[in-house]
Amino acid sequence: MADGRFAPSPTGRLHLGNLRTALLAWLFARSSGGRFLVRMEDLDAGSVRAEHYDGQLDDLRALGLDWDGAVVRQSERRSRYDRAIARLVDLDLTYPCYCTRREIQEAASAAHGDPMPDGAYPGTCRALTASERVAREAAGRRPALRLRAEPGLVVSFVDRLHGRVSAVVDDVVLRRGDGTPAYNLAVVVDDAAQGVAEVVRGDDLLLSTPRHVHVASLLGLTVPSYAHVPLVLGVDGARLAKRHGAVTLGDRAARGETPDDVRSLLACSVGLASPGERVSMSTLLARFDPAALPRDPWVFPEIG
Ligand code: GLU
């Protein structure tokens, strides 16, 4: 039995890629007899829209998903993240970082042997002297707080679909310059606090997971198991987005398709239904076999 979760950010209605990941996360959890939890990752106040909390839950319900307990909002759990950060500060594992995103991109070196996660940090501010820090503060920069990882640290984990995965763990941001706890910290704290035993999510996060394993270990938290599922891409090869056409349940409804039609489409894309076949959630549950899931992305066939 492995409790699972789906953790969307309420920044828009769910699209077929989000819905497919949610459906798979539900199937993994329910087929093991575990609970299925929903968590709103809404720490980024600038991009969250109030109407999308309920809108996204409506999307999940319409597809046939149910969940256990109250939906958790990260914005209401700041004190947990602050406590976790304080613990890492006490362990002397953090330092302030004044870099802008642009400076990080410019400094990041591609010449590295091990796979690097997205946005990997080259360590520019790790060894700043006190006077260099003062100069940056005086210039009005508000520092992020980073975790100090050993240079070149490589962490491995075993993924249900990808097998053993190893990646460099860089100095991840724990708290952003505006004071907001960072995703890479909050996700670890919450998965442990909520008792999530298996994290099922898109495989764009595959190389970030060693960071999460590392942060969890430093905090003395139980490390969950992981299954990273393939993404849905547009025909241009980019991660599915609004611009790829009719991608939300609302868009599909405008074309005369019901949520049941969308469930069939998604089920077909993961090999659990034949094209056009109507399938209930209980049928999907009965057919579900993690080992038979596709490993490659699903290219969403239409534009416009
Ligand atoms: N909030 C993240 C997203 O929407 C989810 C990441 C995760 O599942 O860990 O991409």
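Just so you know, ligand 1 is whichever comes first in the structure, and atom 1 is the first atom listed for that ligand.
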Is there a side-chain contact (heavy atoms from CB on, under 4.5 Å) between L206 and F157 once you walk through the steps?
-> CA-CA 10 Å; L206 191 65; F157 70 101; 4.0 Å; yes
Within 6.0 Å of CD in E51, more than 12 heavy atoms from elsewhere = yes
Under 4.0 angstrom from ligand 1, any heavy atom of Y183?
-> yes
A7 N/O under 3.5 Å from ligand 1 N/O = yes
Is the charged tip of R73 near the ring of Y53: under 6.0 Å from the six-membered ring centre and within 45° of its axis?
-> yes
Taking the six-membered ring for Trp, is the centroid-to-centroid distance between F36 and F28 below 6.0 Å?
-> no
Could you list which atoms of ligand 1 come closer than 4.0 Å to a heavy atom of R201?
-> 7 (C), 8 (O), 9 (O)
Atoms of ligand 1 close to S9 [distance to a heavy atom under 4.0 angstrom, numbered from 1] | 1 (N), 4 (O)
Per-atom contact, atom 10 (O) of ligand 1, protein heavy atoms, under 4.0 angstrom = no
Nearest neighbour of atom 1 (N) of ligand 1 from the list E41, R239, M40, R39, on a heavy-atom basis | E41
Taking heavy atoms and a distance under 4.0 Å, where does N18 meet ligand 1: side chain, backbone, both or neither?
-> neither
Between D171 and Y95, does any side-chain donor sit less than 3.5 Å from a side-chain acceptor?
-> yes
When you look at CZ of R295, are more than 12 heavy atoms from neighbouring residues, nucleotides or ligands closer to it than 6.0 Å?
-> yes
So the atoms of ligand 1 within less than 4.0 Å of a heavy atom of L205 turn out to be 6 (C), 7 (C)
V187 heavy atoms, cut-off 4.0 Å: which ligand 1 atoms fall inside?
-> 9 (O)
So OH of Y183 and CG of L43: to nearest 0.5 Å the spacing works out to 11.5 Å
So for R5 against ligand 1, with non-hydrogen atoms under 4.0 Å, the contacting part is side chain
